[in-house]
Number of protein chains: 4
Amino acid sequence: MKKLIEEFNLNLDLAIEAHDLLRGATRREVEGVKEEITQGEFIKTTTITILNEKGARSLGRPKGSYITIESPPLKFNDPYVKAEIIQAMEKAMQLLTADLLTSRDSVLLVGLGNWRATADSLGPKFIEYSPITRHYHQHAPDALVKGMRPTSGIAPGVLGITGVETFEVVKGVVEKIKPALLVVVDALAAASVERIGTTIQMSNTGIQPGGGIGNQRQALTVEGLGVPVIAVGCPTIVNAALIADQAVRSFCSRMSAEYDNNASIEAVKEILSFFGGGLTVTPKEIDDIIENTSRIIALGVGKSLFPGIEEEQLVLYAT
Amino acid sequence: MKKLIEEFNLNLDLAIEAHDLLRGATRREVEGVKEEITQGEFIKTTTITILNEKGARSLGRPKGSYITIESPPLKFNDPYVKAEIIQAMEKAMQLLTADLLTSRDSVLLVGLGNWRATADSLGPKFIEYSPITRHYHQHAPDALVKGMRPTSGIAPGVLGITGVETFEVVKGVVEKIKPALLVVVDALAAASVERIGTTIQMSNTGIQPGGGIGNQRQALTVEGLGVPVIAVGCPTIVNAALIADQAVRSFCSRMSAEYDNNASIEAVKEILSFFGGGLTVTPKEIDDIIENTSRIIALGVGKSLFPGIEEEQLVLYAT
Amino acid sequence: MKKLIEEFNLNLDLAIEAHDLLRGATRREVEGVKEEITQGEFIKTTTITILNEKGARSLGRPKGSYITIESPPLKFNDPYVKAEIIQAMEKAMQLLTADLLTSRDSVLLVGLGNWRATADSLGPKFIEYSPITRHYHQHAPDALVKGMRPTSGIAPGVLGITGVETFEVVKGVVEKIKPALLVVVDALAAASVERIGTTIQMSNTGIQPGGGIGNQRQALTVEGLGVPVIAVGCPTIVNAALIADQAVRSFCSRMSAEYDNNASIEAVKEILSFFGGGLTVTPKEIDDIIENTSRIIALGVGKSLFPGIEEEQLVLYAT
Amino acid sequence: MKKLIEEFNLNLDLAIEAHDLLRGATRREVEGVKEEITQGEFIKTTTITILNEKGARSLGRPKGSYITIESPPLKFNDPYVKAEIIQAMEKAMQLLTADLLTSRDSVLLVGLGNWRATADSLGPKFIEYSPITRHYHQHAPDALVKGMRPTSGIAPGVLGITGVETFEVVKGVVEKIKPALLVVVDALAAASVERIGTTIQMSNTGIQPGGGIGNQRQALTVEGLGVPVIAVGCPTIVNAALIADQAVRSFCSRMSAEYDNNASIEAVKEILSFFGGGLTVTPKEIDDIIENTSRIIALGVGKSLFPGIEEEQLVLYAT
């Protein structure tokens, strides 16, 4: 799969998938990488920590912690499971922010993606459902529940903003409002369709728009922005090339035929080249999945940033 | 591919693809089916006529004419090609409506699909861009250009309308406003990604929501509605199962390995079963493709229904 | 005010305002009309019953009950007041539907108005937030909580539907799906700005699109549709002519000058005639008001139709 | 009216109205202010130049040129009048930008306002219909027609961006992308309903969000942003207090009664105080007016920035 990923210039946005791929069937340890698993009632939480540069090179992403919350009912907004997911998100956020944040610090929420393409609209929807309070602090402090920190929200890929790189907009706003922390939400690409709408990844390493390790100075990272960045995402697509290659692989295994990497890549190219690798696989009910996951992520982030404030209260501060 | 299509309960919405599949590599004639091709400057038009029940059974769709306009630049809204496409649509509409319509007859436009899932929003967007005049006829006839017929438009899957079958809504409205003709626009599923945003199919056989030959009495057809129905569509997705199977097939051919239908189906099922076959492949730029194709189709249909009225004028009657 | 209302062809959508206007400063009784007031903690409920034709003529609306729930915090979606409002709506609905409905009867929700004009989008927003279950009954009954009745929803003025009269669409759908009851929600015009976003009116007399007593056979009424209709509304605008006339009246009273009805009407005409009386007054925060009131009304109607089902559950069945 | 404007803290966004108000019935000259009128076939253009500080103080707005294009059919998107309006906008833009801009300079388009309140969505709609090319310059220069300058677009009040002051967002983006010019479009408040959808104002003085002369260092002005700013606007509302006062005034004149400024202000306050002066008057068809005027303004600005490029071409670069 590694060669295919390079050939089609794909991203594996989930650290857990990159780790699994690297470990292979033997499940061998990767040097510089630690993995811990917690099993809850309806959810499973996996924390992958990249400890050093060696681990970073192996996994193709920066040093730091990547927490994955997996729960198939996530995509249904099941009220019983929702509470457990939100609690897990709060715990993950505590771990990821550690002592980055006092209770009065200002936080900037960033929702990446394009609201006009359903599968890419997770970030803008997250902003829509998130509690935004900075303008109350400035203009109507009495309307705030005691202890609410200032939060602001931008969705730089919306209607809204075009012809301007996401990094430029975010950097511009960060320099003006000087938040203590960024929480950036984006739709992710997974390697397997089972992950669509069922997995949340949270990390303290920021986001490279376009994925990969790239130039950290032009990324939504502490290096690029001068402010720590928590990245939160949920897979909404799988690249079609991965699906096609997986089918070839499974076919070969069923037929006890030899799987040939190059031939599979050429086959996939033949089928998909018309759109230059930019073909994505999504379920038909993607609109419901986006609706449900963006609401849960907004609540999980909201409860983390405003500890002790009730869900019903938080919803009132959504835009 | 036929077995895969059955196994996954897929639709091949394009008659031209069903015909090609049936004719196979040998390009043999199919009894009861006639095909004619016209090559234009930027476009190619193929008219498939299903002449009798035998042809209908072979192609798995009702008797009638299916006109396919193919033009790769369609999805870019290229102004030079647009004019040729609109002209071809006007000609196709003349052929399909024949003497169904006098110049004063009322027409009901129907845009199928769900506007909240980008790839399925072609129909609602078509309604948004179409000239709607029936209310002017009733309330402000002076605001109409001379000779404009009454048109009305519904998008039954919009916000809008839920828990009610499309057929029920359309039948209900048809019985009230008694149009002489329906033009129904829907996003289609193709068998090949090259067709996404590059092909328009027009037919005089109506639409079976969900595809296939089914029960014509519960379909958007003259049998179901009592009014002739012109169906217009453009592919916006390919089912992921077809993509995966095509990759297996191409891989086998490259490796000179035997392609086994059952093994491929099992492989595809393994990869995609999580969403029950409901996974679709779309290009990332699907929002632009929908925007461009829905505008061109609205103009093509509009120019057909209001011959002699300028494009600039028609746009003024859009909702 | 009566003359002004006739001159500008205005609607007083609220029975309580029509009643107050008629009773005047003297608060005299109106023959054939009964009024009862209940004071709650945060809300006040007024039930006006038009008992006979004489009362109907006096109040310019059909016989039946009009229940008005007044609560200034309604427009803020205050969680403490919300519960009391929802409870009052449930009680009102019981009174209005009486024995019209068994627990299994199907209900059609109708959201009137144009979603593209914020102040007129209460109805479509109501549909968006309402539990819709009819398709589950048909296709996935296991996904329903025990005892949920079938509900469907249409927003005939949306994107959606143009060139077709609201009555025609609703009648067409009613004839197909044959519900036992309609609940129709619409944005109302009040006579005073204090009522915007602070008042809910519920009645068992249906709705005359365009207001007034008119032709009940072409209205969303039991006479027009053959099905009982509960109308629910909330004022979102005041006609500008009323505001202007009120200012003149107040000015005269302050100056101890004579108020002249005709001169005031001529003055108002001079100022507003450019848009033919179609000028409306709304607060700047109308988008928030619509958001909050449509959610509360959807919950109030939802809880009435699905007694015993929790709010969290109902939200899951919203579209 | 001046006292009323102060009392209710209103803006008169149109220089032409402020000038008329100051000149009064006598049409006397205002020192430091020059007015020139050009009559076209369907439009009238008035150029007001504030020559010095004295004129600025009198008119309550900065030195510079304010060009007003008046045409009642503007709001209908009449194709015959549209051409003349676009030409007048091109001419105005030449005058206002003078030598500010070479043909390769980058321009940032800014659409102010809230897309969720129809009457305030002119700016975001303008961005939606404007040609945006900066990303092509960076990533796909071949897709550009020869000679197209780089343009980018932001709508800082969209979904989008909350809890962050407009000035902060715009300043942040300006510092990153360093355009040579800003064109800022906003919905305006007029003093008379005849101006809604019929008047375009263009000026070279920037915009003070909230209106007035205020602190130019926190405004979208050359002083605040370090970049020249062309402001373009169209009235979409009149404050309700102005309407009410005008009715009182007209009433008094009809009755030959004395108009008392204070009594009128008190009367208006009594009627409108519930929403703290934030009540606005708009026509019912405001959605159509916004649609039509935003398209024409986008074309007028587009043709000015890309001289020689056809309308059909420009539309292709809209987002």
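The analysis underlying the following values was restricted to heavy atoms, covering all of them including side chains, and did not include hydrogens, waters or symmetry mates. Lettering of chains follows the sequences in order, A, B, ..., and the numbering in each one begins at 1.
Proximity to chain B (any heavy atom under 4.5 Å) is restricted, for C:Q138, to the side chain, taken from C-beta onward. In this structure, chain C has a heavy atom under 4.5 Å from the side chain of B:H139, while its backbone stays farther away. Heavy atoms of B:E168 lying under 4.5 Å from chain C belong to its backbone as well as its side chain.
Residues B:L225 and B:F167 form a side-chain contact, since some pair of their non-hydrogen atoms from C-beta on lies under 4.5 Å apart. Two residues are said to be in side-chain contact when any heavy atoms from C-beta on lie closer than 4.5 Å; C:Y317 and C:T151 fail this criterion.
What you find for B:S121 and B:I290 is that their closest heavy atoms are OG-CG2, 3.5 Å. For the residue pair C:C234 and C:T293, the shortest heavy atom distance occurs at SG-CG2, 3.9 Å.
Of the residues considered (C:H135, C:H137, C:K176), C:K176 shows the highest number of contacts with chain B, using heavy-atom pairs under 4.5 Å.
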